[in-house]
Amino acid sequence: MVNFWRSLRFTIAFAILLGIIYPLVVTGIGNLLFPFQAKGSIVSLQGRPAGSLLIAQSITAPGLFHPRPSAVNYAANGSGGSNLGPTNPALVAEVKKNLQTVEQQNPGTPVGSIPTSMVESSASGLDPDITVQDALIQVPRIAKATGISRTDLTSLINQYKQGRALGIWGDPMVNVMQLNLAIEKRLGK
Amino acid sequence: MTFAGSIGILAVIALILLIGIPLGGYLYRVFSGQKGKFDGMFRPIEGFLYRVVGVDPSVQMDWKAYLRALMLVNFMMMILAYLLFRLQHVLPLNPDGIKAMPWDLAFNTAASFITNTNWQNYAGEQSLSYLSQMTAITYLQFTSGATGFVAAIAFLRSVTVNRSESIGNFWVDFIKIHTRVLIPLAVVFALVLVGLGVPETLLGAQTVHTLQGGTQIISRGPVASLEAIKQLGTNGGGYFNANSAHPFEDPSAWTTVLEMIAMGIISCGLVWTFGKFIGNRKQAVVLYVFLTAVLVIGAFVIYASETAGNPILQHTLGIHGPNMEGKEVRFGPAMSSAFAAITTAFTTGAVNSMHDSFMPMGGFIPLLFMMFNLVFGGKGVGLLNILMFLMITVFLSGLMVGRTPEIFGKKIEAREIKLATIAMLVHPFIILVPTAIALVTKAGTSSILNPGLHGLSEVLYAYTSGAANNGSAFAGLNGNTVFYNISLGLVMLLGRYVSLIAMFAIAGSLSKKAIIPPSAGTLRTDTFAFGGVFVAVFVIVGALTFFPALAIGPIGEQLQMWAGIVH
């Protein structure tokens with residue numbers, strides 16, 4: 001019986017300590033030190049929240065960079081991957097469809113130059129980044145739609161390109177939201 | 001495979017060892033009762049907590065008293081979590097208006113988090129209120145890791161005491177692991193994560209007007225505080241459905257490296273703690289060499305499979321490159337492979353890529369690591385499994401060379417071997433029997449997403465993950481059905497507590513034995529030859545029990561894929 005009361009006291013005391021005080025302390029200090037990150041890296045355009053730097057959104061307009069395919073249609077309140085296995089015919093069909101979209105939107109792109117990440121769905125459905133090659137493939141389309149020169153777009157990609165951490169971790173890539181905000185800014189929106 | 005990627009994988013594993021080993025020394029000093037530099041700071045806090053809980057820290061417990069307290073408090077915390085899930089719709093801190101969980105899902109989730117499994121049949125952003133994320137999930141991520149940890153400490157004491165019943169005080173150990181290890185590490189790590197982009201807020205979801213005029217609802221919440229202990233406690237249950245693949249849980253290559261390190265350090269350090277407890281560093285070194293080798297080989301098998309890409313897509317569509325289905329660009333194939341190996345070796349279960357979409361051999365390694373369940377393993381329980389297999393190895397080698405089996409100066413007799421065998425056999429039993437049942441019933445097979453051999457792997461992976469208290473998934477399987485909620489819930493509870501009770505019983509009988517000084521007749525366990533036999537034993541036991549299932553799962557699918565056959 002002693003153990004029963006002790007267990008009950010432990011359960012309640014530590015629920016308060018670890019389940020309430022700890023997260024509230026982290027929330028308090030976190031917001032004090034890093035208010036932007038703590039609220040989800042939300043960026044605004046013309047004073048309205050336009051998205052998060054870390055979350056891909058559905059972009060189909062020809063004048064903007066497109067993120068990777070999403071199995072959940074970029075639902076930032078319902079993340080997930082396709083979970084299709086490597087021998088599933090549904091995987092082949094999905095990748096084929098994505099490939100056709102890429103070829104249709106960026107005519108003249110050789111299949112061999114298309115990175116797999118451009119036609120295969122991300123794990124979260126919200127992958128905010130694309131490979132540099134992916135971005136370069138989209139340059140002619142965006143140049144045509146917006147009138148911004150190809151050289152300017154390429155230098156934009158180089159400007160926002162992120163390398164590997166310490167040269168060994170991760171892969172070179174570029175954030176889609178940063179690129180698109182730069183385009184919007186350039187177009188004077 | 002690239003050079004940078006390979007170095008990246010090796011660097012992460014090296015960092016886990018470099019940080020884990022000194023941490024293991026610290027853990028030894030804390031739990032062997034030595035004086036430490038920070039005693040003055042911790043003592044008053046612990047004194048206060050002892051009074052709140054009503055504990056007399058000077059009392060010593062035998063194994064039964066220790067185990068009783070552990071089981072009782074675990075049971076009570078599980079009930080609390082269940083009630084929070086069922087009542088979250090009427091409780092505060094629910095800005096997104098989440099509904100109550102159904103009973104079967106609440107049972108599964110409570111069982112999952114109290115057993116340190118963190119299998120998730122729910123999608124966090126849609127099924128849990130902020131209060132549930134904090135007070136059920138984050139809370140149990142501390143205490144379930146702590147439970148496994150103190151069990152290992154109690155076992156280590158039983159080996160070092162001479163003819164004694166006492167193996168420490170459960171409440172003292174349980175409180176100390178929080179105050180001196182988990183809470184300080186978690187607070188620091190959580191704040192680092194916030195700085196690197198992980199949200200931590202009580203504001204509800206943010207609705208945004210997208211660049212091309214649509215709307216998007218962005219879920220967020222107190223993510224960083226959960227994420228920190230999720231990794232440090234080898235828990236793995238994510239805030240969001242996509243787990244660490246979600247950019248809010250793991251926003252960059254930096255955070256994913258830190259998360260891998262956080263998963264590894266305590267379990268890795270415990271091997272050093274073990275060496276210190278038995279006063280034999282070489283024993284720890286031998287284990288480090290062999291376990292690290294297994295981990296590195298596994299990580300590179302995954303990396304090789306994932307970078308080779310999918311030959312079916314190459315052949316039919318002409319696209320070339322690594323398999324990126326279910327992977328994130330910021331991690332790439334190398335950090336996704338390392339994460340998959342580490343999360344299953346240390347039985348955390350967090351994922352930063354979707355294992356279900358891995359190449360068959362890429363998915364084979366996570367399965368195998370969970371079947372072994374001792375490549376460092378989960379918090380505390382990993383070390384217990386290592387010790388259990390060491391005893392089995394000593395017994396088998398003793399039989400072969402005709403010596404009385406003894407380990408760390410304690411004679412191993414029929415009772416200990418029987419108990420170790422129970423602890424060993426329960427694992428394959430609760431994996432293979434439920435898998436077989438699921439595969440022959442409609443309730444089991446109707447949840448499978450992928451056809452053919454891969455579907456079998458999905459079910460096998462689910463029960464292996466449950467039994468190993470891992471929590472990662474071949475997530476195509478729809479586990480949120482009454483059948484899977486209940487069966488997986490039971491498998492997780494049996495996987496956790498049956499072997500734990502057996503190991504406590506062994507601790508009880510070992511503590512009572514006299515320590516015999518080593519003689520010329522002692523079979524030394526701290527040699528590389530013995531380490532090799534140890535690996536051979538767990539590989540052979542694992543292979544013999546699981547090979548048939550693996551052959552018709554991932555191995556069969558790999559051959560099928562090479563042949564270019566889709567279903």
Side-chain angles (χ1 to χ4, degrees), chain A residues 3 6-7 9-11 13 15 18-19 23 26-27 29-30 34 37-42 48-52 54-55 57 59 61 76-81 83-89 92 95-96 99 111 114-117 120 122-124 126-129 131 165 168-171 173 180, chain B residues 4 7-8 52-54 69 72-73 76-77 80 125 134-135 139 142 190 194-195 197 199-201 206 208-212 216-220 222 225 240-242 245-247 251 253-254 257 310 313 318 321 324-330 332 353-354 356 359 450 454 475-476 560-561 566:
Chain A
N3 264 327
R6 230 174 249 157
S7 300
R9 284 161 76 169
F10 181 93
T11 301
L18 304 169
V26 175
T27 305
I29 304 177
F34 312 106
Q37 292 95 317
K39 290 182 189 65
S41 308
I42 305 291
R48 283 206 306 189
S52 166
L54 296 174
I55 303 288
Q57 49 183 237
I59 300 281
N77 55 354
S79 58
N83 284 311
L84 295 173
T87 56
N88 191 336
V92 182
V95 177
K96 191 174 176 184
L99 186 63
V111 178
I114 296 175
T116 43
S117 62
E120 294 178 354
S122 64
S124 60
L126 305 169
D127 192 342
D129 309 300
T131 60
I168 51 174
W169 292 317
D171 278 323
M173 60 181 195
N180 284 340
Chain B
I7 297 294
V52 170
V53 180
L72 199 58
V73 76
M76 227 169 258
M77 290 186 292
L80 175 76
E125 60 267 56
M134 287 161 47
T135 314
Y139 172 38
F142 275 98
V194 179
E200 178 75 20
T201 180
Q206 171 80 52
V208 298
H209 303 274
T210 68
L211 295 180
Q212 59 175 37
Q216 188 182 33
I217 301 165
I218 300 179
S219 298
R220 50 186 178 174
S225 53
F240 300 100
N241 186 40
H246 195 294
W254 275 113
V257 167
N310 188 333
L313 295 180
M324 286 300 285
E325 181 73 31
K327 288 195 186 57
E328 300 277 299
V329 165
R330 62 192 179 283
S353 53
M354 294 299 139
D356 212 351
M359 294 296 106
N450 286 292
H454 196 89
Q560 178 200 334
M561 188 181 75
V566 290

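In what follows, every chain begins at residue 1, and chains take the letters A, B, ... in the order their sequences are listed. Everything numeric in this text was worked out from a predicted model, so none of it was measured.
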### Task
Heavy-atom pairs under 4.5 Å with chain A are the metric here; pick the option from B:Met354, B:Met359, B:Met76 that has the most.
B:Met76
### Task
Would you mind checking which part of B:Gln216 comes under 4.5 Å of any heavy atom in chain A, side chain (CB onward), backbone (N, CA, C, O), both or neither?
side chain
### Task
Below 4.5 Å from any heavy atom of chain B, which atoms of A:Ile114 appear? Answer side chain, backbone, both or neither.
backbone
### Task
Taking all non-hydrogen atoms of both residues into account, name the closest pair between A:Pro23 and B:Ser225 and its distance.
CB-OG, 3.6 Å
### Query
With a 4.5 angstrom heavy-atom cut-off, which part of B:Gln206 approaches chain A: side chain, backbone, both or neither?
side chain
### Query
How long is the span from the CG atom in A:Asn180 to the CG atom in B:Leu211, to the nearest 0.5 Å?
5.5 Å
#### Entry: Between A:Thr131, A:Ile168, A:Asp127, the one whose heavy-atom pairs under 4.5 Å with chain B are most numerous
A:Asp127
### Query
Hey, which of B:Ser353, B:Ala245, B:Pro251 has the most heavy atom pairs under 4.5 Å with chain A?
B:Ala245
## Note on the structure
Contacts of B:Asp356 meeting side-chain hydrogen bond (donor to acceptor under 3.5 Å, both in side chains) (sequence neighbours excluded), chain-then-number -> B:His454
### Summary
Counting heavy-atom pairs under 4.5 angstrom with chain B, the leader among A:Ser41, A:Pro49, A:Gly81, A:Ser117 is A:Pro49
### Heavy-atom pair with the smallest gap, counting every atom of A:Phe10 and B:Tyr139
O-OH, 4.0 Å
#### Entry: Residue B:Val257 versus chain A: region with a heavy atom under 4.5 Å
side chain
### Choice from B:Ala253, B:Ala190, B:Ser219 maximising heavy atom contacts with chain A below 4.5 Å
B:Ser219
### Summary
In terms of heavy-atom pairs under 4.5 Å with chain B, the winner among A:Gly80, A:Pro115, A:Gly78 is A:Gly78
### Query
Short question: side chain of B:Arg330, backbone of A:Gly170 - any donor-acceptor pair under 3.5 Å?
no
### Task
Quick one: closest heavy-atom pair of A:Thr87 and B:Met561, and the distance?
CG2-CB, 3.8 Å
### Query
Among B:Glu328, B:Glu125, B:Lys327, which has the most heavy-atom pairs under 4.5 Å with chain A?
B:Glu328
### Message
Can you tell me which portion of B:Leu313 sits under 4.5 Å from chain A's heavy atoms? Options are side chain, backbone, both or neither.
### Response
side chain
### Task
Tell me, for A:Leu99 versus chain B, whether the close heavy atoms (under 4.5 Å) come from the side chain, the backbone, both or neither.
side chain
### Task
May I ask you to test the B:Val73-A:Arg6 pair for a side-chain heavy-atom distance under 4.5 Å?
no
#### Entry: Test side-chain hydrogen bond (donor to acceptor under 3.5 Å, both in side chains) applied to A:Glu120 - qualifying residues, sequence neighbours left out
none
### Message
Can you tell me which of B:Ala475, B:Pro222, B:Gly318, B:Gly321 forms the most heavy-atom pairs within a distance under 4.5 Å of chain A?
### Response
B:Ala475
### Summary
CG of B:Leu72 to OG1 of A:Thr11, rounded to nearest 0.5 Å, is 8.0 Å
### Message
Heavy-atom pairs under 4.5 Å with chain A - which of B:Val53, B:Asn310, B:Asn241 has more of them than the others?
### Response
B:Val53
### Task
Taking the side chain as every heavy atom from C-beta outward, state whether B:His246 and A:Ile55 have any atom pair closer than 4.5 Å.
yes
## Note on the structure
Note: vs chain B, highest number of non-hydrogen pairs under 4.5 angstrom among A:Gly30, A:Pro128, A:Ala165, A:Ser122 is A:Ser122
